[in-house]
> 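My questions will all concern the structure given below.
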Protein chains: 2
Amino acid sequence: MAHVMWHLYQFPICPFSRKVRLLLSEKGIGYELVRENPWEHREEFQMLNPALRTPVLTNPERGIVLIDSRAICEYFEETVDKSPMINGPATNRAEIRRLVALFDENFFASVTSPLLEERMKKRLIYRQPPDGKILRETIRLANDYLDYVDFLIDHRPWLAGSTMSLADLAAAAQISVADYLGGIDWSQHEQARGWYSVFKSRPSFRPLLTERMDVIQPPTHYGDVNA
Amino acid sequence: MAHVMWHLYQFPICPFSRKVRLLLSEKGIGYELVRENPWEHREEFQMLNPALRTPVLTNPERGIVLIDSRAICEYFEETVDKSPMINGPATNRAEIRRLVALFDENFFASVTSPLLEERMKKRLIYRQPPDGKILRETIRLANDYLDYVDFLIDHRPWLAGSTMSLADLAAAAQISVADYLGGIDWSQHEQARGWYSVFKSRPSFRPLLTERMDVIQPPTHYGDVNA
């Protein structure tokens, strides 16, 4: 473990930490996981990041603290040449960043965040059952995004164009957490399912699929790379 | 107007459009305003941006459509050398992007978004009075962020370091909209007020301060560059 110098503060179904982990793996950068439940407001963590959010990536030897998943991704894009993920001419880079924002902000607000609230926080923190009406609404909204992924994959091999990019990593990270929490109905989404199954079998993605979030279990198809 | 080729879809108190306008002005890029109320879900706008959010920046002559305020800022940072706003070594650039995210995401979610809901949408759309309890809570939360600005300005001339950066533009954009909507109490924030008043007198900022949002009027100190 002598080469590990980055420490990633995260929990297994944090979608933003997943995006960073996919990027680090694709770029061949080693890191160690530090388990952090941001909803516990741990004092040392608040000192590290006043916004109290994961992921945070630290390099104690070099005195670096990186905060915010997009800032972290841009940092490694700028400092590591291997496997560029924000690539091509400026308009293509803008398209990649548009799709990253669509999944990080809109998909997260409509789908991932309510699922984390209903299926994770209500179980672990509030000890309440999930609200069935909210769950049905998130599945309906997730469906609209999968329609959009189908549409993109009808026109391009990857979400933002001809090569894999940060847009694919951001989308797969959000969708994988929604899938873990039972929010994805794949049945009507041939193209999206094809795109996602290619992803699932990548060495960067497979470790994520075997991790479990405490007492919360994913559906049986979740970790199956052939599903 | 022969040189105007960019069209910015926005409304006067959209904080993300303000950030883009500050950046375009600082970089000397001309643009024309197109008024867009995203809550009206205008069909042509939804065709342009399925996420139905402002700002959208188009260049019809060159067939370019830019969506998402951070993607737009990165685009002009990459294509226009004048007045770099994401500057310095990679760790400094990461610090700039951390602060942009803090204001675009956290400040917006805690302060600007509830103020827009209570003071703008309830007036223009729902015809309801604002909820006083929510307004008091946003002012309290805004105060925490101003404390943080005070702290940063105690240590640095600008929010992210020794030069003006996109962090300053993002923060000023959010704070100016919150100020317009009566959400800012400047009385205990000497450093933040000094930083903001330097901003207010810049040529990039002054036009924003004279624009009004339909029937919603700002407090008297809002547009006063000496306040």
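Below, chains carry the letters A, B, ... as their sequence lines are ordered, and counting in each starts from 1. None of these values were measured; they are calculated from a predicted model.
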> Is it the backbone or the side chain of A/Thr79 that comes under 4.5 Å from a heavy atom of chain B, or both, or neither?
side chain

> Are A/Glu74 and B/Arg70 close enough for a salt bridge, meaning some N to O gap below 4.0 Å?
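No, this pair does not count.
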
> Can you tell me how far CH2 of A/Trp158 sits from OG1 of A/Thr163, rounded to the nearest 0.5 angstrom?
9.0 Å

> Assess the pair B/Trp39 and B/Phe11: is the distance between their ring centroids shorter than 6.0 Å?
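Here the rings of B/Phe11 and B/Trp39 have centres that are less than 6.0 Å from each other.
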
> Checking A/Ile67 against chain B: side chain, backbone, both or neither under 4.5 Å from a heavy atom?
both

> Mind listing the closest non-hydrogen atom pair of A/Thr54 and A/Gln10 along with its distance?
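Shortest heavy-atom separation between A/Thr54 and A/Gln10 comes out as CG2-CA, 3.8 Å.
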
> Could you check which of B/Ala90, B/Ser69, B/Pro50 has the highest count of heavy-atom pairs closer than 4.5 Å to chain A?
B/Ala90

> Charged N to carboxylate O below 4.0 Å: is that the case for A/Arg42 and A/Glu44?
yes

> Side chain, backbone, both or neither: which part of B/Arg93 has a heavy atom under 4.5 Å from chain A?
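Contact with chain A involves the side chain of B/Arg93 alone.
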
> So, taking the atom named CG in B/Leu66 and the one named OG1 in B/Thr58, what distance separates them when rounded to the nearest 0.5 Å?
8.5 Å

> Can you see which heavy atom on A/Gly183 is nearest to which on A/Leu115, and at what distance?
CA-CD1, 3.8 Å

> Looking only at heavy atoms, which of residues 99-114 of chain B get nearer than 4.5 Å to chain A?
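So the qualifying residues are B/Ala101, B/Leu102, B/Glu105, B/Asn106.
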
> Is the closest basic N to carboxylate O distance between A/Lys82 and A/Glu77 below 4.0 Å?
no

